[in-house]
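This report refers to the structure that appears directly beneath it.
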Amino acid sequence: MPASRGPLTRDSFRVKIAVQRVRLGDTEYRVIRPARPLKNGALYAKGDTYRTYDMYVDRADGRRIGALWLLAARSPRSLVYLPMRTTPTAPGIGWDNEQPLDLVLAHPEVQLRPSRWKQLRTRINAARAPRELRTASVPERDLPDLDGDHVVPDDPKKADALVPRRHLVADTLILTGGTAAFREGAKEIYAVTRDGPPEAATRLYLPGGCNYHICRCVYDWTEPDGRGWEPLHVEYAPSWTR
């Protein structure tokens with residue numbers, strides 16, 4: 001389902017987006033991205049032997065990112081692109097050889113080959129690349145219950161549907177999955193934006209400190225035998241850029 005221009009109601013998540021149509025070879029891609037740059041939403045890869053992906057958000061940009069995650073769930077023929085490498089550095093970053101990343105969310109039917117992404121991104125970010133500004137609306141009913149337990153289905157195929165495939169290429173984490181996977185991801189992001197601000201108002205925030213830490217695991221690609229540990233983790237941080 002493409003991004004909607006409205007109607008917008010109280011029962012909708014709203015996010016301002018830019019929509020682009022970019023051709024690469026014989027294929028035209030429809031790309032959805034935030035209408036304005038993220039200021040307090042950043043993503044990093046950490047570690048070599050065991051890699052983790054750590055996202056940091058404040059309430060405002062965290063909710064924008066969550067809405068884009070829900071929009072990806074409803075947009076099987078579009079790429080959702082979050083340019084996050086240029087976001088100002090999040091608090092506590094710089095001691096663990098962190099690599100800033102962009103993020104792409106895609107349904108399988110888009111058939112985005114990771115090897116094509118770098119060239120496609122160049123076309124998307126070209127100075128004269130046309131873009132259409134819109135306000136997208138996503139119904140609140142698309143968001144799973146934030147307090148609901150995370151239940152892994154017994155059916156392996158249904159369980160796999162909740163976790164997208166990932167590729168790390170050209171400083172970008174590409175997640176390829178379906179509606180269920182992206183809605184589950186949005187749930188974790190929104191939960192952090194709900195639980196983090198009250199804690200920030202009453203407790204001292206120290207980056208990386210144990211006295212204050214509101215986080216969720218969005219996805220986990222850990223191997224069953226324990227040989228690999230590779231989660232995507234989102235953490236609340238008070239706004240670090242105005």
Test I93 against Y56 for side-chain contact (heavy atoms from CB on, under 4.5 Å), laying out the working first.
-> CA-CA 10 Å; I93 295 299; Y56 298 84; 3.7 Å; yes
Main-chain N/O of A180 paired with E184 side-chain donor or acceptor, under 3.5 Å = no
Same cluster for V169 and V110 if Ile/Leu/Val/Met/Phe/Trp/Tyr side chains link at under 4.5 Å?
-> yes
Can you tell if the side chain of C215 reaches within under 4.5 Å of the side chain of Y236, non-hydrogen atoms only?
-> no
Can you name the closest pair of heavy atoms from R131 and A18 and give their distance?
-> CD-CB, 4.2 Å
Pairing of R21 and E132 as salt bridge, 4.0 angstrom limit = no
Any L43 side-chain heavy atom under 4.5 Å of L173 side chain = yes
Pair W69 and F13, ring centroids less than 6.0 Å apart | no
Close side-chain approach of R166 and W221, heavy atoms under 4.5 Å | yes
Give a yes or no answer on whether the side chain of W95 reaches the backbone of G92 with a donor-acceptor pair at less than 3.5 Å.
-> yes
Can you hop from Y53 to V104 via hydrophobic side chains spaced under 4.5 Å?
-> no
Can you tell me if Y81 uses its side chain to pair, donor with acceptor, with the backbone of I124 under 3.5 Å?
-> no
How far does CZ of R59 sit from OH of Y190, to the nearest 0.5 angstrom?
-> 10.0 Å
Show me the donor-acceptor pairs within less than 3.5 Å that the side chains of residues 60-67 make with the rest of the protein, sequence neighbours left out.
unit_1, atom_1, unit_2, atom_2, d
D61, OD1, R64, NH1, 2.8
D61, OD2, K39, N, 2.8
D61, OD2, N40, N, 2.7
R64, NH2, R36, O, 2.7

Measure across P197 and R194 and return the closest heavy-atom pair with its distance rounded to 0.1 Å.
-> CD-O, 3.7 Å
Atom CD1 of I32 and atom CZ of R30: how far apart are they, to the nearest 0.5 Å?
-> 4.5 Å
W117 side chain vs T172 backbone, donor-acceptor pair below 3.5 Å | no
Just one of D54, D96, T52 clears the side-chain hydrogen bond (donor to acceptor under 3.5 Å, both in side chains) bar with K46, so which one?
-> D54
Between D102 and R85, is the closest basic N to carboxylate O distance under 4.0 Å?
-> yes
Transitive ILVMFWY side-chain link L79 to V19, under 4.5 Å = no
Stepwise side-chain contact (heavy atoms from CB on, under 4.5 Å) test for L232 and L175 = CA-CA 11 Å; L232 170 59; L175 301 181; 4.2 Å; yes
Linked, directly or transitively: L82 and Y29 (ILVMFWY side chains, under 4.5 Å) = no
Could you check if a side-chain atom of Q20 sits within less than 4.5 angstrom of a side-chain atom of R33, using non-hydrogen atoms only?
-> yes
Do the side chains of L168 and R51 get nearer than 4.5 Å, heavy atoms only?
-> yes
Main-chain N/O of T179 paired with R74 side-chain donor or acceptor, under 3.5 Å = no
Walk me through it: do L70 and F182 pass the test side-chain contact (heavy atoms from CB on, under 4.5 Å)?
-> CA-CA 6 Å; L70 290 175; F182 291 140; over 6 Å; no
Nearest 0.5 Å, what's the CG-CG distance between L120 and L112?
-> 6.5 Å
Smallest heavy-atom separation, A161 atom then A181 atom, equals O-CB, 3.3 Å
Apply the test side-chain contact (heavy atoms from CB on, under 4.5 Å) to residues H233 and V218: give CA-CA distance (whole Å), side-chain angles for both, the deciding distance (0.1 Å), then the verdict.
-> CA-CA 6 Å; H233 161 273; V218 183; over 6 Å; no
Side chains of H107 and S78: does their closest heavy-atom pair fall under 4.5 Å?
-> no
Can any side-chain N or O of T87 pair as donor or acceptor with the backbone N or O of G41 at less than 3.5 Å?
-> yes
4.5 Å side-chain heavy-atom contact, Y44 and L101 = no
Would you call R121 and D171 a salt bridge, taking side-chain N to carboxylate O under 4.0 Å as the test?
-> no
Distance (rounded to the nearest 0.5 Å) between K187 NZ and L146 CG = 7.5 Å
Please name the pair of heavy atoms, one in D195 and one in R216, separated by the smallest distance, quoted to 0.1 Å.
-> OD2-NH2, 4.1 Å
Point-to-point distance, once rounded to the nearest 0.5 Å, from CG of L68 to CD1 of I17 = 7.5 Å
Verify same cluster id: L103, L38 (apolar side-chain graph, 4.5 Å) = yes
Where do A136 and L71 come nearest, in terms of heavy atoms and distance?
-> CB-CD2, 4.0 Å
Is it true that a side-chain atom of T122 and a backbone atom of K118 form a donor plus acceptor pair closer than 3.5 Å?
-> yes
R141 side, atom CZ; R183 side, atom CZ - distance, nearest 0.5 Å | 8.5 Å
Side chain proximity check, V15 to T135, heavy atoms < 4.5 angstrom | no
Where do A42 and A90 come nearest, in terms of heavy atoms and distance?
-> CB-CB, 4.5 Å
